[in-house]
Amino acid sequence: MQVFTEPILAALARQTSVPVASLKLERPRDAKQGDLAFPCFVLAKELKKAPPLLAQELAAALAGALPGITAVASGPYINFRIERGLLAREITGQIARDGQRYGGSSEGAGKTIVIDYSSPNIAKPMHIGHIRSTIIGAALVRIFRALEYRVVGINHIGDWGAQFGGLVVALRRWKGEVDLEADPVLGLLDLYQRSKKAVEEDEAFKAEAIAAYQELESGREGEVRELWRWVTEVSLRGFNATYRRLGIQHELVRGESWYEPFLAPALERVKAAGVTEVSRGALIVALGEVDKGLKETPCLLQQTNGTTLYATRDLAALFSRWEEFQFERCLYVVGGEQKLHFRQLKGVLARMGLAWEARVEHVDFGLLLGRGRVKIASRKRGEVLVLDDLIDEVVDEALGTIEAKNPELASKREVADAVGLGALVFNDLKRERIKDVIFDKAEILSFEGDTGPYVQYTHARLASILRKAEASGDAGLSATPDWSALENAGEVLVALGRLPDVVRSAAARAEPSELSQYLLALARDVSTWVSSPDNRVLGSPAGVAAARLALVRAAKLVLGNGLRLLGITAPEEM
RNA sequence: GCGCCCGUAGCUCAGCUGGAUAGAGCAGCGGAUUUCUAAUCCGCUGGUCGCAGGUUCGAGUCCUGCCGGGCGUGCCA
């Protein structure tokens, strides 16, 4: 829409001697009123005029100044309407030119964004806590990449910590009792759960576990180190299989263990900055002076017994990332439960006087809950909801739907995969991040309403029209478009023109839901238009068909580009 | 106790960093020459935007207080 907003804003600026930067255009509440609107309230106040009067004066002054655009005063607003032919030609033209790149820009060229996402713990399959981080993070990676940022996605694997002591002991004792061949990760999960219980109930087990972790931390080669390495390896193999299904690949896979060498220097650096103190035997950074809300919750960097903590490790990682990437933004896609933790981290940076503190952001999100807002427990695996199980279930259901609706389809498996995953991913991205996701199986599996499959289906219908046009050699393929045929498609065209703005804003706010909501609304508009018998494409007079084909092509591209940015496949058929 | 977040139709959510009569989907009801894919489309029903004040020409949106729910809260991650 820039081709239209720019001249309008420039003209307004000329008329009022107000800089373009402080003028903004809105969309009218009702699309029938116009394509763009300018509210005159603020300007009227400055000029000491009544808003409706100013609107009339400006509208009159702009008459004729903008070729193809009419300005009409309506109360305190000026509504702009772009001549339909011009609108259709410009919008479909730009989309056709940009193709798969439409929606992106080069605003991020030369800048780096670090995104910490997914970050599962080894010895456990990817479960409930990592699903949202994985899906939201992967969407953000794609969105930023479309804006030509250099994106460094980091998988901060949880591969360190006291719990491994327990796991090692469990492996020693019960290795033979579980199946570690067929699916090692599920076998390890079993052992992990048993070890957790044993640590609580069995003193001898606990002592052995602590000894094992000390052995691991010492860095010595030996049985413990070997076991840890093996666990890491099979876990990563399992994660990678899941990532492949989701089309995800991190640029860097660095577990917590990778940052071990950075721990001592990081601690020294904080101490040297003079912001630490010893309190109740622990090394802390008091944060009350930089963040009033943190008066009573300092950041603990070292336990009384000298060992480091979660915050210490994350701080070390953060220092290392800043040195390595000089990032524009560093995003942590981590659940809202950890808000305090990231606030503390930023607090420490602030106390150290590090200006890049503002570039570190906690991209938080709500819980994934079951129907009735309860924690999801899987009947199959106790407390753990395994992502792979979830995917299988949804894909199976999609396959069933295909058998029922479109049994002739050639590539049922691929489409079922796309639709099942689309449903799952879209469901996670359609609300604001911060909101809890209610995972209602029945709702997701219905594939109806505000869903990924709905957007995909709209895309497939458009693809079908284009296929048939090609197959039949429709007259519209080679004709000059008669743009008057798109007189009634103004809303769709304006919406198509907005994709670049939506992508930019979704990136700025690290909020993929803005894009999903946009796609839903667009799919609805497109469906309405394409379903109307008045808008039939094939077999219409050549010029009319050509114009409608251009719209269909543009809409298909925009829906497809948008879906791909979210991490969802746009099927040609379904 | 303290800190942070959420509270819009029966349910799940939009509402574009204050602006024109509050919008979708689901559920319910009624329709659509056997369809350029009906996984669709059209119509109807449904709201004191948690409550009370305040700021403003204008508040679902900002401020204060209260109510309800969630998350977190010094040696776990």
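Here is how names work: the chains are called A, B, and so on, in the same order as the sequence lines, proteins then strands, and each is numbered from 1.
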Quiz item: Side chain of A/S279, base of B/G74: donor and acceptor closer than 3.5 Å?
Solution: yes
Hey, does [X] reach any base, or is it just sugar-phosphate, or nothing, if we go heavy atoms under 4.0 Å?
X	value
A/E443	nothing
A/N427	nothing
A/S527	sugar-phosphate
A/T304	base

State whether [X] places a side-chain N or O below 4.0 Å from either non-bridging phosphate oxygen (OP1 or OP2) of [N].
X	N	answer
A/R29	B/A22	no
A/Q303	B/C76	yes
A/S532	B/C42	no
A/R536	B/C36	yes
A/Y454	B/C41	yes
A/K405	B/U40	no

Please measure how far the [atom1] atom in [N] lies from the corresponding atom in [M], and state the result in whole Å.
N	M	atom1	answer
B/C66	B/G25	P	39 Å
B/A20	B/G30	C1'	33 Å
B/G68	B/U8	C1'	15 Å
B/C2	B/U55	C1'	28 Å
B/G28	B/G23	P	24 Å
B/G69	B/A24	C1'	25 Å
B/C5	B/U45	C1'	34 Å

Indicate whether the side chain of [X] and that of [Y] have a donor and an acceptor atom separated by less than 3.5 Å.
X	Y	answer
A/E511	A/S513	yes
A/N305	A/T307	yes
A/E256	A/Y310	no

Self-check item: A/E289 backbone acceptor or donor facing A/R351 side chain under 3.5 Å
Solution: no
Self-check item: Heavy-atom donor-acceptor pair, A/Q456 side chain to A/T569 backbone, under 3.5 Å
Solution: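 Yes: the side chain of A/Q456 pairs with the backbone of A/T569.
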Practice problem: Before accepting this row, confirm whether a basic side-chain N of the pair A/E572/A/K556 lies closer than 4.0 Å to the acidic partner's carboxylate O. | Solution: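 A salt bridge is present here (some side-chain N lies under 4.0 Å from a carboxylate O).
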Quiz item: To the side chain of A/V537, which of B/U33, B/C36, B/G72 is closest?
Solution: B/C36
Quickly work out the [X] [atom1] to [N] [atom2] distance and round it to whole Å.
X	N	atom1	atom2	value
A/I284	B/U73	CD1	P	17 Å
A/N406	B/U40	CG	C1'	14 Å
A/R280	B/C75	CZ	C1'	9 Å

Quiz item: Under a 3.5 Å cut-off for both distances, is B/U55 Watson-Crick or wobble paired, and to whom?
Solution: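 Its partner: none found.
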